[in-house]
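Index from 1, following the sequence.
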Amino acid sequence: MAVQYFEAVTDFHDSLGELNQLIKIANGYKKLGKLNKRDLMLRSTVLFLGTHLECLFETIAEEYIFKIEQAGLPRDKVPEALLMSSVHYHFNEELVQKVKAKNPLCKDPLINLAKILSCDSPVNDLKIDTSFSYGKHGSTVVEKLFKRLDIEDLFSNCLVTISRESMLQDEPEVTVVDIKGKFNALTGARNALIHQYSMPNERTIDRIIKDIPFYKQFADSLDELLHQRLENILNQAA
């Protein structure tokens, strides 16, 4: 079993166990010929898998930021991209309007913005937006979330692979899984259920269920990626 550095990944693994229970119940209903109840369990599986993945992304991002805050690093040792993401978080529309209106209440927020980039105190309050935009899903939104953490091309950096025996060589043949494409397919099926009340066909449901182990491997890859990024930041600051 892989070492897990973030609690969010442990929680995600636990949530996959819940999905397996739903799938077992669905199979039981199928044997009894209760197809409506079977479909209900399968719809729930698709919805819960999408929700658990979004929860994983948000909570592991929050944990990652918290670990950086706990390190209390000097400001010049924190990646500039993270500091700028924090500036972006604070520089909201409300503040912009106060500045345009020459409202004196904008003074303190502007001073705090300057402190994010340049002050002697260590970084222990690194506020960065880790939430999804309401009603927006899919790989693009996930990639934007992690870009705010200075991580580009998330799905390319969290490889998921399949090893198969090869008839032509002694070493197993390793194939990279298109986890980004699978996640978008899951998101499409989930959105159809939520917004169009449309049940995905049996082939789509079966494919999503078979993909669940890939999401487990993806979570482990994400865990390792963020752990390595954190170690690099801490080592460079030492």
*Asks:* Between L82 and F66, is there a shared hydrophobic cluster once you connect ILVMFWY residues whose side-chain heavy atoms come closer than 4.5 Å?
*Replies:* no

*Asks:* A side-chain contact here means heavy atoms from C-beta on lying under 4.5 Å apart; do I179 and C158 qualify?
*Replies:*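 A side-chain contact is absent here, since even the closest heavy-atom pair is not under 4.5 Å.
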
*Asks:* Using a cut-off of 6.0 Å, state whether more than 12 heavy atoms not belonging to F214 lie near its atom CZ.
*Replies:*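 Enclosed.
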
*Asks:* Rounded to the nearest 0.5 Å, what separation is found between the CZ atom of F48 and the CE atom of M41?
*Replies:* 8.5 Å

*Asks:* Indicate the ring-plane relationship of F183 and Y215, choosing parallel, tilted or perpendicular according to the 30° and 60° boundaries.
*Replies:*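 It falls in the perpendicular class, over 60°.
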
*Asks:* We want to know whether H13 and D220 form a side-chain donor-acceptor pair, criterion being a heavy-atom distance below 3.5 angstrom.
*Replies:* yes

*Asks:* Between CG of D153 and OG of S139, what distance do you get to the nearest 0.5 Å?
*Replies:*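 Going from the CG atom of D153 to the OG atom of S139 covers 11.0 Å.
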
*Asks:* Does atom NZ of K37 have more than 12 heavy-atom neighbours from other groups under 6.0 Å away?
*Replies:*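 At most 12 heavy atoms, drawn from other residues, nucleotides or ligands, come within 6.0 Å of this atom.
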
*Asks:* Are I194 and L47 close enough that some pair of their side-chain heavy atoms sits under 4.5 Å apart?
*Replies:*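 Side-chain contact under 4.5 Å: yes.
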
*Asks:* Evaluate the side-chain contact (heavy atoms from CB on, under 4.5 Å) criterion for residues Y5 and K67: first the C-alpha distance (whole Å), next the side-chain angles of each, then the deciding distance (0.1 Å), finally the verdict.
*Replies:* CA-CA 11 Å; Y5 301 101; K67 287 176 182 289; 5.8 Å; no

*Asks:* Quick one: pull up CD1 in I60 and CZ in F12 and give me the separation to the nearest 0.5 Å.
*Replies:* 10.5 Å

*Asks:* For residues A8 and E63, report the shortest heavy-atom separation together with the two atoms involved.
*Replies:* N-OE1, 2.9 Å

*Asks:* Holding to side-chain hydrogen bond (donor to acceptor under 3.5 Å, both in side chains), I want the full list of residues that pass it with E93, two or more places apart in sequence or in another chain.
*Replies:* Q97

*Asks:* Just so I know, are the side chains of E143 and K180 near enough to count as touching, which here means a heavy-atom distance under 4.5 Å?
*Replies:*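 Yes, their side chains come closer than 4.5 Å.
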
*Asks:* With rounding to the nearest 0.5 Å, note down the distance linking CZ in F6 to OG1 in T10.
*Replies:* 11.0 Å

*Asks:* Is the number of heavy atoms from other residues, nucleotides or ligands within 6.0 Å of CD (E231) greater than 12?
*Replies:*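 Yes, CD of E231 has more than 12 neighbouring heavy atoms, counting only those of other groups under 6.0 Å.
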
*Asks:* For salt bridge (charged side-chain N to carboxylate O under 4.0 Å, His left out), just list the numbers for D211 and R207, CA-CA rounded to whole Å, side-chain angles, deciding distance to a tenth of an Å, and then say yes or no.
*Replies:* CA-CA 6 Å; D211 288 344; R207 185 170 62 245; 5.1 Å; no

*Asks:* Might you confirm whether atom NZ of K98 has over 12 heavy atoms from other residues, nucleotides or ligands at distances under 6.0 Å?
*Replies:* yes

*Asks:* Show the numbers, then the answer: is there a salt bridge (charged side-chain N to carboxylate O under 4.0 Å, His left out) between E202 and R38?
*Replies:* CA-CA 11 Å; E202 191 165 341; R38 168 184 173 270; 3.5 Å; yes

*Asks:* Would a 4.5 Å heavy-atom cut-off, applied to side chains only, mark T45 and I208 as touching?
*Replies:* no

*Asks:* Give a yes or no on whether V174 and I162 share a hydrophobic cluster (residues Ile, Leu, Val, Met, Phe, Trp, Tyr; joining criterion: side-chain heavy atoms under 4.5 Å apart).
*Replies:* no

*Asks:* Mind listing the closest non-hydrogen atom pair of K127 and E69 along with its distance?
*Replies:* N-OE2, 4.3 Å

*Asks:* Run the side-chain contact (heavy atoms from CB on, under 4.5 Å) check on L230 and I68 step by step: do they pass?
*Replies:* CA-CA 7 Å; L230 182 62; I68 294 175; 3.7 Å; yes

*Asks:* Could you tell me whether the side chains of N184 and T187 share a donor-acceptor contact shorter than 3.5 Å?
*Replies:*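 No, because no side-chain N or O of N184 sits under 3.5 Å from a partner of the opposite role on T187.
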
*Asks:* Hey, could you give me the OG/CD1 distance between S44 and I23, rounded to the nearest 0.5 Å?
*Replies:*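 With rounding to 0.5 Å, OG (S44) is 11.5 Å from CD1 (I23).
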
*Asks:* Which atom names give the shortest non-hydrogen contact between L145 and F57, and what distance separates them?
*Replies:*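 Distance-wise, the nearest heavy atoms are CD2-O, 4.3 Å.
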
*Asks:* Is V176 isolated, or which residues cluster with it under the ILVMFWY side-chain rule of less than 4.5 Å, directly or via members?
*Replies:*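 Listed partners: L159.
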
*Asks:* Fit a plane to each ring of F155 and F218, take the angle between them on a 0 to 90° scale, and name the class: parallel (under 30°), tilted (30 to 60°) or perpendicular (over 60°).
*Replies:*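 Judged by the thresholds at 30° and 60°, the geometry between F155 and F218 is parallel.
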
*Asks:* Does the side-chain contact (heavy atoms from CB on, under 4.5 Å) test come out yes or no for L110 and V99, once each step is laid out?
*Replies:* CA-CA 9 Å; L110 289 175; V99 172; 4.1 Å; yes

*Asks:* Side-chain contact, heavy-atom cut-off 4.5 Å: L42 with M199?
*Replies:*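 Result yes, sub-4.5 Å side-chain heavy-atom pair found.
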
*Asks:* Do other residues, nucleotides or ligands put more than 12 heavy atoms under 6.0 Å from H90 NE2?
*Replies:*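 Counting other residues, nucleotides and ligands, NE2 of H90 exceeds 12 neighbours.
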
*Asks:* State, without any angle test, whether R148 and T130 hold a side-chain donor-acceptor pair at a distance under 3.5 Å.
*Replies:* no

*Asks:* Determine yes or no for a side-chain-to-main-chain donor-acceptor pair under 3.5 angstrom, with Q217 supplying the side chain and T161 the backbone.
*Replies:*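 Side chain of Q217 to backbone of T161, a donor-acceptor pair under 3.5 Å: yes, one is there.
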
*Asks:* Please round to the nearest 0.5 Å and tell me the distance separating atom CG of L149 and atom CD of E62.
*Replies:*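 Atom-to-atom, L149:CG and E62:CD are 10.5 Å apart.
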
*Asks:* Show the nearest heavy-atom pair for residues P122 and R75, with the distance to one decimal.
*Replies:* O-NH2, 3.4 Å

*Asks:* I'd like to check L154 versus L222 (side-chain heavy atoms, cut-off strictly below 4.5 Å). Are they in contact?
*Replies:*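 A side-chain contact under 4.5 Å exists here.
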
*Asks:* Which residues satisfy the side-chain hydrogen bond (donor to acceptor under 3.5 Å, both in side chains) test with E152, sequence neighbours excluded?
*Replies:*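 Applying side-chain hydrogen bond (donor to acceptor under 3.5 Å, both in side chains) to E152 gives none.
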
*Asks:* How close do I209 and P213 get, counting heavy atoms only, and between which atoms?
*Replies:*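 Of all heavy-atom pairs spanning I209 and P213, the closest is O-CD, 4.1 Å.
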
*Asks:* Nearest heavy-atom pair of A237 and L73: which atoms, and what distance?
*Replies:* CB-CD2, 3.7 Å

*Asks:* So, do L83 and L126 sit near enough that their side-chain heavy atoms are less than 4.5 Å apart?
*Replies:* yes

*Asks:* Indicate, with yes or no, if L95 and Y89 share a hydrophobic cluster defined by side-chain heavy-atom contacts under 4.5 Å among Ile, Leu, Val, Met, Phe, Trp and Tyr.
*Replies:*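 The answer is no; the residues belong to distinct hydrophobic clusters.
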
*Asks:* Quick check: do K182 and L186 have side-chain heavy atoms less than 4.5 Å from each other?
*Replies:* no

